[in-house]
Amino acid sequence: WINTLFWTFCGQSEPLFSAIKGLKESSEWNKLDEAQKRAVNDRLLSAELSGIGLPSQKRKKFNALAQELSELETRFSNHVLDATKAYFLKLTKEEEVEGLPQSALNLASQVCNQRFPDEKSTPQKGPWLITLEAPSFIPFMENCKNRKLRETLYNAFITRASSGEFDNTPLIRRILQIRLEKARLLGYENYAQVSLSRKMATSEKEVYALEEELRAPSWKAAKEELQELTDFAKKEGVQEELLHWDMAFWAKRLQENKFQFN
């Protein structure tokens, strides 16, 4: 939050703002090239988005919101990190880790010994601890043959920081509320308009149009790839519909089969 206060203070510097604004209104302005003019305009916009144009009481409110938002965003990130580190899936049977490469077994054993030294885990006999951190999570989702365990780990991953001690739900609500309050103090209808004020797109409609422009040609290819993956899994004996926790596993098997690469 100290960093936020500092940059808010810089953005609301009246002498700096007046000097830059004076440059734009002076005869020197026409001597600047396009890149320099863009830099000046960007600095003026930054000052406006920092609340420099607000009257005293509204600026005080704006600064308080900015500080609270910074604190909430830090807490949000910390909750995700803490929730990721707190979770583990402890496996004790060899069939539960069937399919995992030796590197994944080594890591799972190492993590177990770090958290539970008395277990005296070995890569060969376990127990093994699988976590939500990428070096553990990704190899497990790609290689574990136990579908139920893949589902368990996948659901744990996508619900991080959504309940319990590290629940981010109330933080999300307050962050959205503050963003809206700040936007309206600055004269915008919503936070999206504030964000777009510094981007090439000039409206929400343009953003949606670009997203559709990207989605349309990729949709057909995505469906074809999913069908290829589904057909391959069926040939391998899978009867049920492929779900989210199946994709990485069967994509890896298809890669090995199609390109002889692992």
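Everything numeric in this text was worked out from a predicted model, so none of it was measured.
Geometrically, K258 does not engage F232 in a cation-pi contact defined by less than 6.0 Å to the ring centre and at most 45° from the axis. Taking the ring centre of F88 as origin, the terminal cationic atom of R115 falls outside the region bounded by 6.0 Å and 45° from the ring axis.
Checking each of E133, R160, H79 against T84 for a side chain to side chain donor-acceptor pair (under 3.5 Å) leaves exactly one that passes, namely R160. Between D42 and the options K37, K199, K24, R198, a salt bridge (charged side-chain N to carboxylate O under 4.0 Å, His left out) holds for only R198.
Counted within 6.0 Å of CZ on F116, heavy atoms from surrounding residues, nucleotides or ligands total more than 12; the atom is thus considered enclosed. Within 6.0 Å of atom CD in E165, 12 or fewer heavy atoms from other residues, nucleotides or ligands are found, so the atom counts as exposed in its surroundings. The number of heavy-atom neighbours closer than 6.0 Å to NZ of K61, taken from other residues, nucleotides and ligands shown, is 12 or below. Within a 6.0 Å radius of CZ in R215, other residues, nucleotides and ligands contribute more than 12 heavy atoms. Heavy atoms from other residues, nucleotides or ligands lying under 6.0 Å from CD of E189 number 12 at most. The neighbour count for R184 CZ, taken as heavy atoms of other residues, nucleotides or ligands under 6.0 Å away, does not exceed 12. Counting non-hydrogen atoms of neighbouring residues, nucleotides and ligands closer than 6.0 angstrom, the CD atom of E241 reaches no more than 12 such neighbours.
Under a hydrophobic clustering in which Ile, Leu, Val, Met, Phe, Trp and Tyr are joined whenever their side-chain heavy atoms come within less than 4.5 Å, directly or via other members, L107 and M141 fall into different clusters. The cluster map of Ile, Leu, Val, Met, Phe, Trp and Tyr, joined by side-chain heavy atoms under 4.5 Å apart, puts V80 and I138 in different clusters. When hydrophobic clusters are built by joining Ile, Leu, Val, Met, Phe, Trp and Tyr residues whose side-chain heavy atoms come closer than 4.5 Å, directly or via intermediates, L89 is grouped together with F157. Hydrophobic cluster membership differs between L180 and I178, with clusters built from Ile, Leu, Val, Met, Phe, Trp and Tyr side chains linked at under 4.5 angstrom. In terms of hydrophobic clustering, with Ile, Leu, Val, Met, Phe, Trp and Tyr side chains grouped at heavy-atom distances under 4.5 Å, L49 and L44 are assigned to different clusters.
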Apply side-chain contact (heavy atoms from CB on, under 4.5 Å) to the pair V194 and K182, showing each step before the final yes or no. CA-CA 9 Å; V194 176; K182 286 182 65 183; over 6 Å; no
Derivation of the side-chain contact (heavy atoms from CB on, under 4.5 Å) call for L149 and I130: CA-CA 10 Å; L149 290 177; I130 310 299; over 6 Å; no
Run the numbers on Q193 and E204 for side-chain contact (heavy atoms from CB on, under 4.5 Å), then give the verdict. CA-CA 8 Å; Q193 290 183 357; E204 296 98 320; 3.8 Å; yes
For a salt bridge (Lys or Arg N to Asp or Glu O under 4.0 Å) check, start with the C-alpha distance between R174 and E181, then their side-chain angles and the critical distance, and finish with the verdict. CA-CA 10 Å; R174 181 57 183 155; E181 287 185 52; 3.3 Å; yes
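Here CD of E94 is found 5.0 Å from CH2 of W128. Values are rounded to the nearest 0.5 Å. Between the CG atom in L91 and the CG atom in L129 there is a gap of 8.0 Å [rounded to 0.5 Å]. Interatomic distance, F140 CZ to L100 CG, rounded to the nearest 0.5 Å: 6.0 Å. One distance of note links CG of L229 with CZ of F249; it measures 11.0 Å at 0.5 Å rounding.
Between L186 and L54 the shortest heavy-atom distance is CD2-CD1, 4.5 Å. Residue Y188 comes nearest to S197 through the heavy atom pair OH-CB, 3.7 Å, listed as atom of the first residue, atom of the second, then distance. Here the shortest heavy-atom pairing between L153 and F137 reads CD2-CD1, 3.6 Å.
Using a 4.0 Å cut-off between charged nitrogen and carboxylate oxygen, K93 and E98 do not count as a salt-bridge pair. Taking the charged nitrogens against the carboxylate oxygens, K21 and E48 have no contact shorter than 4.0 Å, which rules out a salt bridge.
Counting only distance, with no hydrogens or angles, the side chain of N168 and the backbone of F76 share a donor-acceptor pair below 3.5 Å. For E71 (side chain) and E68 (main-chain N/O), no donor-acceptor pair under 3.5 Å exists by modelled atom type. Proximity of a side-chain donor or acceptor of N41 to a complementary backbone N or O of R38 within less than 3.5 Å is not detected. R150 contributes a side-chain N or O that, together with a main-chain N or O of W245, makes up a donor-acceptor pair within less than 3.5 Å. Looking at T159, its side chain never comes within 3.5 Å of a backbone N or O of S162 through a donor-acceptor pair. A donor-acceptor pair is defined here as one N or O able to donate and one able to accept, closer than 3.5 Å; such a pair exists between the side chain of S26 and the backbone of L23. Using a distance-only test at 3.5 Å, with no hydrogens or angles considered, a donor-acceptor pair links the side chain of S121 to the main chain of P127. A donor-acceptor pair under 3.5 Å is formed between the side chain of E206 and the backbone N or O of T202. The backbone N or O of S46 lies less than 3.5 Å from a partner atom in the side chain of S50, making a donor-acceptor pair. Between the N257 side chain and the R253 main chain, no donor and acceptor come within less than 3.5 Å of each other.
Residues R43 and L16 meet the side-chain proximity criterion, which asks for heavy atoms closer than 4.5 Å. Counting heavy atoms from C-beta on, the side chains of D246 and V238 never come closer than 4.5 Å. Between I52 and R59 the shortest side-chain heavy-atom distance falls below 4.5 Å.
Q67 and N63 share no donor-acceptor pair across their side chains, judged by distance under 3.5 Å alone. Between the side chains of N106 and Q110, no donor N or O sits under 3.5 Å from an acceptor N or O.
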